[in-house]
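So the structure is just underneath, and the comments pick up after that.
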Amino acid sequence: MAAVDTAATPKFDRGAARRVARETRRNEAQAQKRLTSPVATVIAILIAFLWTIPTLGLLITSFRPGADSASTGWWTVFTNPDFTLGNYQEALTSGGTALTLGQSFLNSLAITIPVTVFVISLAALGAYAFAWMDFKGRGFLFVAIFALQIVPIQMALVPLLSLFSRGLEIAGVGIFPGLELREIDHSFATMWIAHVMFGLPLSIFLLHNFMAEIPSDVIEAARVDGAGHGQIFFRIILPLSMPILASFAIFEFVWVWNDLLVATIFAPTSSLPMTQTLNSLSGSWGDRWYLVSAGAFLVLVVPMIVFLALQRFFVRGLMAGATKG
(Lines give C-alpha, C1' and ligand atoms only; values in the text may rest on other atoms or scores of the structure.)
Protein backbone atom coordinates (compact mmCIF):
# COMPACT_ATOMS: atom_id res chain seq x y z
CA MET A 1 0.00 0.00 0.00
CA ALA A 2 1.49 3.34 -1.04
CA ALA A 3 2.47 5.66 1.75
CA VAL A 4 0.65 8.97 1.98
CA ASP A 5 2.68 12.12 2.57
CA THR A 6 1.03 13.43 5.70
CA ALA A 7 3.27 16.47 5.80
CA ALA A 8 1.73 17.89 2.66
CA THR A 9 -1.69 19.48 2.85
CA PRO A 10 -4.11 17.80 0.40
CA LYS A 11 -5.10 20.03 -2.44
CA PHE A 12 -8.81 19.55 -2.83
CA ASP A 13 -10.64 20.14 -6.07
CA ARG A 14 -11.17 23.89 -5.83
CA GLY A 15 -13.19 23.93 -9.03
CA ALA A 16 -15.70 21.49 -7.55
CA ALA A 17 -15.88 23.55 -4.36
CA ARG A 18 -16.58 26.69 -6.37
CA ARG A 19 -19.31 24.87 -8.32
CA VAL A 20 -20.92 23.79 -5.05
CA ALA A 21 -20.79 27.37 -3.77
CA ARG A 22 -22.36 28.73 -6.97
CA GLU A 23 -25.06 26.07 -6.89
CA THR A 24 -25.81 26.86 -3.25
CA ARG A 25 -26.15 30.59 -3.98
CA ARG A 26 -28.39 29.87 -6.96
CA ASN A 27 -30.63 27.57 -4.90
CA GLU A 28 -30.87 30.15 -2.12
CA ALA A 29 -31.83 32.85 -4.63
CA GLN A 30 -34.49 30.60 -6.19
CA ALA A 31 -35.89 29.65 -2.78
CA GLN A 32 -36.01 33.29 -1.69
CA LYS A 33 -37.81 34.24 -4.90
CA ARG A 34 -40.39 31.45 -4.51
CA LEU A 35 -40.98 32.19 -0.84
CA THR A 36 -41.35 35.96 -1.30
CA SER A 37 -44.42 37.81 -2.56
CA PRO A 38 -46.09 41.15 -1.67
CA VAL A 39 -49.11 39.45 -0.11
CA ALA A 40 -46.95 37.09 1.93
CA THR A 41 -44.82 40.01 3.10
CA VAL A 42 -47.86 41.97 4.31
CA ILE A 43 -49.28 38.92 6.09
CA ALA A 44 -45.92 38.18 7.71
CA ILE A 45 -45.59 41.77 8.95
CA LEU A 46 -49.14 41.67 10.36
CA ILE A 47 -48.52 38.36 12.13
CA ALA A 48 -45.21 39.62 13.51
CA PHE A 49 -46.91 42.78 14.81
CA LEU A 50 -49.71 40.86 16.53
CA TRP A 51 -47.22 38.33 17.91
CA THR A 52 -45.04 41.10 19.33
CA ILE A 53 -47.79 42.95 21.25
CA PRO A 54 -47.88 40.54 24.25
CA THR A 55 -44.08 40.51 24.40
CA LEU A 56 -44.02 44.30 24.32
CA GLY A 57 -46.56 44.41 27.13
CA LEU A 58 -44.46 41.97 29.17
CA LEU A 59 -41.34 44.07 28.62
CA ILE A 60 -43.02 47.34 29.60
CA THR A 61 -44.66 45.80 32.68
CA SER A 62 -41.31 44.45 33.86
CA PHE A 63 -39.94 48.01 33.98
CA ARG A 64 -42.98 49.73 35.54
CA PRO A 65 -43.29 50.39 39.29
CA GLY A 66 -45.50 47.90 41.08
CA ALA A 67 -48.10 50.51 42.06
CA ASP A 68 -48.55 51.61 38.44
CA SER A 69 -48.84 48.02 37.20
CA ALA A 70 -51.52 47.29 39.81
CA SER A 71 -53.65 50.34 38.95
CA THR A 72 -53.29 50.90 35.19
CA GLY A 73 -52.63 48.91 32.02
CA TRP A 74 -49.18 48.74 30.45
CA TRP A 75 -50.30 50.83 27.44
CA THR A 76 -50.71 53.90 29.67
CA VAL A 77 -46.93 54.16 29.75
CA PHE A 78 -47.10 56.04 26.44
CA THR A 79 -48.96 58.91 28.13
CA ASN A 80 -47.42 58.63 31.60
CA PRO A 81 -43.95 57.09 31.27
CA ASP A 82 -42.39 55.88 34.51
CA PHE A 83 -39.73 53.17 34.57
CA THR A 84 -37.59 51.44 37.19
CA LEU A 85 -34.92 48.74 37.32
CA GLY A 86 -35.98 47.75 40.82
CA ASN A 87 -38.24 44.98 39.54
CA TYR A 88 -35.29 43.12 38.01
CA GLN A 89 -33.12 43.62 41.07
CA GLU A 90 -35.86 42.32 43.36
CA ALA A 91 -36.70 39.45 41.04
CA LEU A 92 -33.08 38.28 40.75
CA THR A 93 -32.49 38.39 44.50
CA SER A 94 -35.87 37.08 45.69
CA GLY A 95 -35.79 33.97 47.84
CA GLY A 96 -38.58 31.71 49.01
CA THR A 97 -37.10 28.61 47.37
CA ALA A 98 -33.75 26.83 47.53
CA LEU A 99 -32.30 29.28 44.99
CA THR A 100 -32.74 32.86 43.94
CA LEU A 101 -33.65 33.61 40.36
CA GLY A 102 -30.17 34.99 39.75
CA GLN A 103 -28.53 31.75 40.88
CA SER A 104 -30.86 29.65 38.74
CA PHE A 105 -30.09 31.92 35.77
CA LEU A 106 -26.45 30.85 36.00
CA ASN A 107 -27.59 27.23 36.36
CA SER A 108 -29.63 27.51 33.16
CA LEU A 109 -26.55 28.72 31.30
CA ALA A 110 -24.46 25.91 32.80
CA ILE A 111 -27.05 23.37 31.61
CA THR A 112 -28.00 24.72 28.20
CA ILE A 113 -24.66 25.73 26.67
CA PRO A 114 -22.85 22.40 27.28
CA VAL A 115 -25.88 20.37 26.16
CA THR A 116 -26.13 22.32 22.90
CA VAL A 117 -22.40 21.84 22.23
CA PHE A 118 -22.54 18.13 23.08
CA VAL A 119 -25.62 17.44 20.94
CA ILE A 120 -24.39 19.34 17.88
CA SER A 121 -20.89 17.83 18.08
CA LEU A 122 -22.02 14.22 18.54
CA ALA A 123 -24.85 14.56 16.02
CA ALA A 124 -22.53 16.02 13.36
CA LEU A 125 -20.09 13.13 13.78
CA GLY A 126 -22.90 10.56 13.73
CA ALA A 127 -24.61 12.14 10.73
CA TYR A 128 -21.34 12.15 8.77
CA ALA A 129 -20.76 8.47 9.61
CA PHE A 130 -24.22 7.48 8.41
CA ALA A 131 -23.98 9.64 5.28
CA TRP A 132 -20.44 8.99 4.02
CA MET A 133 -18.98 5.95 5.81
CA ASP A 134 -19.75 2.39 4.76
CA PHE A 135 -19.98 -0.10 7.63
CA LYS A 136 -22.04 -3.15 8.50
CA GLY A 137 -25.42 -2.47 10.04
CA ARG A 138 -25.49 1.16 8.96
CA GLY A 139 -29.06 0.99 7.65
CA PHE A 140 -30.35 -0.86 10.72
CA LEU A 141 -28.70 1.57 13.14
CA PHE A 142 -30.04 4.57 11.27
CA VAL A 143 -33.59 3.18 11.32
CA ALA A 144 -33.22 2.45 15.03
CA ILE A 145 -32.11 6.03 15.72
CA PHE A 146 -35.00 7.34 13.63
CA ALA A 147 -37.43 5.13 15.58
CA LEU A 148 -36.25 6.58 18.89
CA GLN A 149 -37.94 9.85 17.96
CA ILE A 150 -41.39 8.33 18.48
CA VAL A 151 -40.67 7.37 22.12
CA PRO A 152 -42.45 9.92 24.36
CA ILE A 153 -40.09 11.58 26.78
CA GLN A 154 -42.49 10.82 29.64
CA MET A 155 -42.02 7.07 29.10
CA ALA A 156 -38.25 7.38 29.43
CA LEU A 157 -38.15 9.42 32.65
CA VAL A 158 -38.62 6.57 35.15
CA PRO A 159 -36.24 4.10 33.42
CA LEU A 160 -33.61 6.82 33.07
CA LEU A 161 -33.98 7.83 36.72
CA SER A 162 -33.56 4.16 37.70
CA LEU A 163 -30.50 3.95 35.44
CA PHE A 164 -28.90 6.92 37.18
CA SER A 165 -29.56 5.55 40.69
CA ARG A 166 -29.04 1.79 40.30
CA GLY A 167 -27.07 1.43 37.09
CA LEU A 168 -27.50 -1.29 34.48
CA GLU A 169 -26.23 -4.86 34.42
CA ILE A 170 -26.70 -7.46 31.70
CA ALA A 171 -25.80 -11.08 32.56
CA GLY A 172 -23.86 -9.88 35.57
CA VAL A 173 -21.78 -7.47 33.51
CA GLY A 174 -21.94 -3.82 34.52
CA ILE A 175 -22.97 -1.71 31.52
CA PHE A 176 -23.66 1.56 33.28
CA PRO A 177 -22.63 2.30 36.87
CA GLY A 178 -25.13 3.60 39.38
CA LEU A 179 -24.41 7.29 39.89
CA GLU A 180 -25.84 9.19 42.84
CA LEU A 181 -25.47 12.45 40.95
CA ARG A 182 -28.63 13.97 42.40
CA GLU A 183 -26.99 13.97 45.82
CA ILE A 184 -24.02 16.07 44.70
CA ASP A 185 -24.34 19.82 45.09
CA HIS A 186 -24.11 21.83 41.88
CA SER A 187 -23.96 18.72 39.71
CA PHE A 188 -25.35 19.11 36.19
CA ALA A 189 -24.32 15.67 34.90
CA THR A 190 -27.81 14.13 35.10
CA MET A 191 -29.26 17.06 33.16
CA TRP A 192 -26.53 16.90 30.54
CA ILE A 193 -26.92 13.16 30.01
CA ALA A 194 -30.72 13.27 29.88
CA HIS A 195 -30.93 16.19 27.45
CA VAL A 196 -28.21 14.77 25.18
CA MET A 197 -29.96 11.39 25.06
CA PHE A 198 -33.30 13.01 24.22
CA GLY A 199 -31.80 15.40 21.65
CA LEU A 200 -29.51 13.13 19.65
CA PRO A 201 -32.03 11.07 17.58
CA LEU A 202 -33.70 14.05 15.92
CA SER A 203 -30.45 15.96 15.46
CA ILE A 204 -28.67 13.00 13.81
CA PHE A 205 -31.64 12.43 11.51
CA LEU A 206 -31.87 16.07 10.38
CA LEU A 207 -28.12 16.60 9.97
CA HIS A 208 -27.80 13.32 8.06
CA ASN A 209 -30.44 14.41 5.56
CA PHE A 210 -28.48 17.60 4.88
CA MET A 211 -25.01 16.06 4.73
CA ALA A 212 -26.16 13.26 2.44
CA GLU A 213 -27.17 15.89 -0.15
CA ILE A 214 -23.64 17.32 -0.43
CA PRO A 215 -22.38 16.47 -3.97
CA SER A 216 -20.36 13.27 -3.95
CA ASP A 217 -17.94 14.78 -6.49
CA VAL A 218 -16.49 17.00 -3.77
CA ILE A 219 -16.01 14.08 -1.37
CA GLU A 220 -14.48 11.85 -4.04
CA ALA A 221 -12.09 14.59 -5.17
CA ALA A 222 -10.89 14.99 -1.58
CA ARG A 223 -10.36 11.24 -1.25
CA VAL A 224 -8.39 11.12 -4.48
CA ASP A 225 -6.15 13.89 -3.14
CA GLY A 226 -5.40 11.77 -0.07
CA ALA A 227 -7.80 13.21 2.48
CA GLY A 228 -9.03 10.95 5.25
CA HIS A 229 -12.37 11.05 7.02
CA GLY A 230 -11.12 13.55 9.58
CA GLN A 231 -9.91 16.03 6.96
CA ILE A 232 -13.08 15.60 4.88
CA PHE A 233 -15.28 16.16 7.93
CA PHE A 234 -13.48 19.24 9.27
CA ARG A 235 -12.48 20.89 5.95
CA ILE A 236 -15.48 20.14 3.73
CA ILE A 237 -18.50 18.83 5.62
CA LEU A 238 -18.45 21.25 8.56
CA PRO A 239 -18.03 24.48 6.49
CA LEU A 240 -20.78 23.44 4.07
CA SER A 241 -23.06 22.33 6.95
CA MET A 242 -22.63 25.49 9.03
CA PRO A 243 -26.12 26.88 8.20
CA ILE A 244 -27.93 23.71 9.27
CA LEU A 245 -25.70 23.31 12.34
CA ALA A 246 -26.45 26.87 13.46
CA SER A 247 -30.17 26.42 12.75
CA PHE A 248 -30.42 23.28 14.83
CA ALA A 249 -28.26 24.84 17.57
CA ILE A 250 -30.93 27.53 17.94
CA PHE A 251 -33.70 24.95 18.31
CA GLU A 252 -31.69 22.81 20.74
CA PHE A 253 -30.77 25.83 22.86
CA VAL A 254 -34.40 26.98 23.07
CA TRP A 255 -35.68 23.47 23.86
CA VAL A 256 -33.24 22.94 26.71
CA TRP A 257 -33.51 26.51 28.04
CA ASN A 258 -37.32 26.33 28.24
CA ASP A 259 -37.39 22.81 29.69
CA LEU A 260 -39.30 22.29 32.94
CA LEU A 261 -40.13 18.56 32.98
CA VAL A 262 -36.59 17.16 32.78
CA ALA A 263 -35.35 19.77 35.25
CA THR A 264 -38.03 18.84 37.77
CA ILE A 265 -37.15 15.13 37.58
CA PHE A 266 -33.36 15.09 37.33
CA ALA A 267 -31.90 18.37 38.59
CA PRO A 268 -30.50 18.45 42.15
CA THR A 269 -31.91 21.19 44.35
CA SER A 270 -28.78 23.32 44.01
CA SER A 271 -28.79 23.00 40.19
CA LEU A 272 -32.36 24.00 39.35
CA PRO A 273 -32.73 26.13 36.18
CA MET A 274 -34.72 29.35 35.82
CA THR A 275 -37.90 27.68 34.60
CA GLN A 276 -38.22 25.58 37.76
CA THR A 277 -37.29 28.41 40.11
CA LEU A 278 -39.63 30.87 38.40
CA ASN A 279 -42.43 28.33 38.61
CA SER A 280 -41.85 28.02 42.36
CA LEU A 281 -41.45 31.75 42.97
CA SER A 282 -44.59 32.68 41.03
CA GLY A 283 -46.69 31.30 43.88
CA SER A 284 -44.77 33.06 46.65
CA TRP A 285 -44.85 36.39 44.82
CA GLY A 286 -48.64 36.43 45.02
CA ASP A 287 -50.09 39.59 43.47
CA ARG A 288 -46.66 41.06 42.69
CA TRP A 289 -46.99 39.91 39.11
CA TYR A 290 -44.75 42.71 37.90
CA LEU A 291 -41.94 40.59 39.39
CA VAL A 292 -43.25 37.61 37.43
CA SER A 293 -43.05 39.77 34.30
CA ALA A 294 -39.42 40.66 35.05
CA GLY A 295 -38.53 37.02 35.68
CA ALA A 296 -40.40 35.84 32.60
CA PHE A 297 -38.63 38.38 30.41
CA LEU A 298 -35.26 37.22 31.77
CA VAL A 299 -36.21 33.70 30.67
CA LEU A 300 -37.28 35.04 27.27
CA VAL A 301 -34.41 37.38 26.47
CA VAL A 302 -31.57 34.83 26.31
CA PRO A 303 -33.11 32.63 23.55
CA MET A 304 -34.01 35.85 21.72
CA ILE A 305 -30.36 36.98 21.80
CA VAL A 306 -29.19 33.57 20.57
CA PHE A 307 -31.71 33.61 17.72
CA LEU A 308 -30.78 37.13 16.61
CA ALA A 309 -27.07 36.31 16.78
CA LEU A 310 -27.49 33.22 14.57
CA GLN A 311 -30.34 34.53 12.40
CA ARG A 312 -28.18 34.81 9.28
CA PHE A 313 -27.26 31.12 9.47
CA PHE A 314 -30.83 30.19 10.43
CA VAL A 315 -32.28 31.75 7.26
CA ARG A 316 -29.60 30.14 5.10
CA GLY A 317 -30.33 26.77 6.71
CA LEU A 318 -34.06 27.04 6.01
CA MET A 319 -33.46 28.01 2.37
CA ALA A 320 -30.93 25.24 1.87
CA GLY A 321 -33.37 22.74 3.34
CA ALA A 322 -36.15 24.03 1.11
CA THR A 323 -34.16 23.18 -2.04
CA LYS A 324 -33.40 19.58 -1.09
CA GLY A 325 -35.13 16.59 -2.59
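Numbering starts at 1 and runs along the sequence shown. These figures come from a predicted structure and were not determined experimentally. Values below: every heavy atom of this structure, side chains too, minus hydrogens, waters and symmetry copies.
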For this session: Please examine the side chains of Val299 and Leu278, heavy atoms only from C-beta on, and report whether any two atoms are closer than 4.5 Å.
Result: yes
Exercise. Any side-chain heavy atom of Val254 within less than 4.5 Å of one from Phe307?
Worked result: no
Exercise. Quick one: do Met155 and Ile145 end up in the same hydrophobic cluster if we chain Ile, Leu, Val, Met, Phe, Trp and Tyr together by side-chain heavy atoms under 4.5 Å apart?
Worked result: no
Exercise. What closest approach, in Å, do Phe78 and Trp75 show between heavy atoms, and which atom pair accounts for it?
Worked result: CD1-O, 3.1 Å
For this session: Pick out which of Ile244, Leu125, Ile237 makes a side chain to side chain contact (heavy atoms under 4.5 Å, CB included) with Leu207.
Result: Ile244
Exercise. How many angstroms lie between atom CE of Met133 and atom CZ of Phe233, to the nearest 0.5 angstrom?
Worked result: 11.0 Å
Problem set entry | Step-by-step side chain to side chain contact (heavy atoms under 4.5 Å, CB included) determination, Phe130 to Leu141 | CA-CA 9 Å; Phe130 284 117; Leu141 287 176; 3.8 Å; yes
Which donor-acceptor pairs under 3.5 Å do the side chains of residues 111-122 make with protein atoms, sequence neighbours left out?
| from | atom 1 | to | atom 2 | distance (Å) |
| --- | --- | --- | --- | --- |
| Thr112 | OG1 | Ser108 | O | 2.8 |
| Thr116 | OG1 | Thr112 | O | 2.9 |
| Ser121 | OG | Val117 | O | 2.7 |

Problem set entry | Value rounded to 0.5 Å, distance of CG in Leu308 from CD1 in Ile305 | 8.0 Å
Exercise. Would Ile60 end up clustered with Val301 when hydrophobic side chains under 4.5 Å apart are linked, directly or stepwise?
Worked result: yes
Exercise. Under 3.5 Å, side chain of Gln231 to main-chain N/O of Gly228, donor-acceptor pair present?
Worked result: yes
Problem set entry | All pairs passing side chain to side chain donor-acceptor pair (under 3.5 Å) where residues 45-66 contributes a residue, at least two apart | Ser62-Tyr88, Arg64-Thr72, Arg64-Thr76
Exercise. With a 4.5 Å heavy-atom cut-off, do Leu109 and Phe105 have their side chains touching?
Worked result: yes
For this session: Taking the side chain as every heavy atom from C-beta outward, state whether Val218 and Ile232 have any pair of such atoms under 4.5 Å apart.
Result: no
Exercise. Side chains of Asp82 and Phe63: closer than 4.5 Å at any heavy-atom pair?
Worked result: no
For this session: Mind checking the CG-OG spacing from Asn279 to Ser104? Nearest 0.5 Å is all I need.
Result: 11.5 Å
Exercise. Between Ser241 and Leu238, is there a donor-acceptor pair closer than 3.5 Å when you use the side chain of the first and the backbone of the second?
Worked result: no
Exercise. Same cluster for Phe135 and Val143 if Ile/Leu/Val/Met/Phe/Trp/Tyr side chains link at under 4.5 Å?
Worked result: no
Exercise. So how far is it from Asp259 CG to Phe266 CZ, rounded to the nearest 0.5 Å?
Worked result: 10.0 Å
For this session: Only pairs at least two apart or in different chains count here, so list each side chain to side chain donor-acceptor pair (under 3.5 Å) that has a residue in residues 132-150.
Result: none
Seminar exercise, completed: Sorted by chain and residue number, the ring-ring contact (aromatic ring centres under 6.0 Å, His included) partners of Phe253 (sequence neighbours excluded) come out as Trp257
Exercise. With a 4.5 Å heavy-atom cut-off, do Ile236 and Leu240 have their side chains touching?
Worked result: yes
Exercise. With Ala144, which residues qualify under side-chain contact (heavy atoms from CB on, under 4.5 Å), at least two apart?
Worked result: none
Problem set entry | For Gly199 against Ser203, the heavy-atom pair lying closest together | O-OG, 2.9 Å
For this session: Report the distance from atom CH2 of Trp192 to atom NE2 of His195, rounding to the nearest 0.5 Å.
Result: 12.0 Å
For this session: Specify whether His229 and Tyr128 have parallel, tilted or perpendicular ring planes, treating 30° as the upper limit for parallel and 60° as the lower limit for perpendicular.
Result: perpendicular
For this session: Could you walk me through whether Ile153 and Val262 pass the side chain to side chain contact (heavy atoms under 4.5 Å, CB included) test, one step at a time?
Result: CA-CA 9 Å; Ile153 186 174; Val262 175; 3.6 Å; yes
For this session: Please identify each residue that fulfils ring-ring contact (aromatic ring centres under 6.0 Å, His included) with Phe146, with sequence neighbours left out.
Result: Phe205
Problem set entry | Trp255/Phe248 aromatic ring centres below 6.0 Å | yes
Exercise. Is there a side-chain contact between Met274 and Asn107 (heavy atoms, below 4.5 Å)?
Worked result: no
Exercise. Can you get from Phe198 to Leu260 by hopping between Ile, Leu, Val, Met, Phe, Trp and Tyr side chains that sit under 4.5 Å apart?
Worked result: no
Exercise. Glu252 and Val256: side chain to side chain contact (heavy atoms under 4.5 Å, CB included), yes or no, with the steps?
Worked result: CA-CA 6 Å; Glu252 185 66 27; Val256 178; 3.5 Å; yes
Exercise. Sub-3.5 Å donor-acceptor pair from the side chain of Ser271 to the main-chain atoms of Ala267, do we have one?
Worked result: no
Exercise. Is it true that a side-chain atom of Asn87 and a backbone atom of Ala294 form a donor plus acceptor pair closer than 3.5 Å?
Worked result: no
For this session: I would like to know whether Thr100 and Leu92 meet side chain to side chain contact (heavy atoms under 4.5 Å, CB included); could you show each step before the answer?
Result: CA-CA 6 Å; Thr100 65; Leu92 288 172; over 6 Å; no
Exercise. Where do Thr84 and Pro65 come nearest, in terms of heavy atoms and distance?
Worked result: CG2-N, 3.8 Å
Exercise. Looking only at heavy atoms, which two atoms of Ala263 and Leu272 are closest? And how far apart?
Worked result: O-CD2, 4.2 Å
For this session: With the side chain counted from C-beta on, respond yes when Thr190 and Ile265 share a heavy-atom pair under 4.5 Å apart, and no when they do not.
Result: no
Exercise. Where is the tightest heavy-atom contact between Gly295 and Ala91, given as atom of each residue plus distance?
Worked result: N-CB, 4.5 Å
Exercise. Are Leu202 and Leu261 connected, step by step, through hydrophobic side chains (Ile, Leu, Val, Met, Phe, Trp, Tyr) whose heavy atoms are closer than 4.5 Å?
Worked result: yes
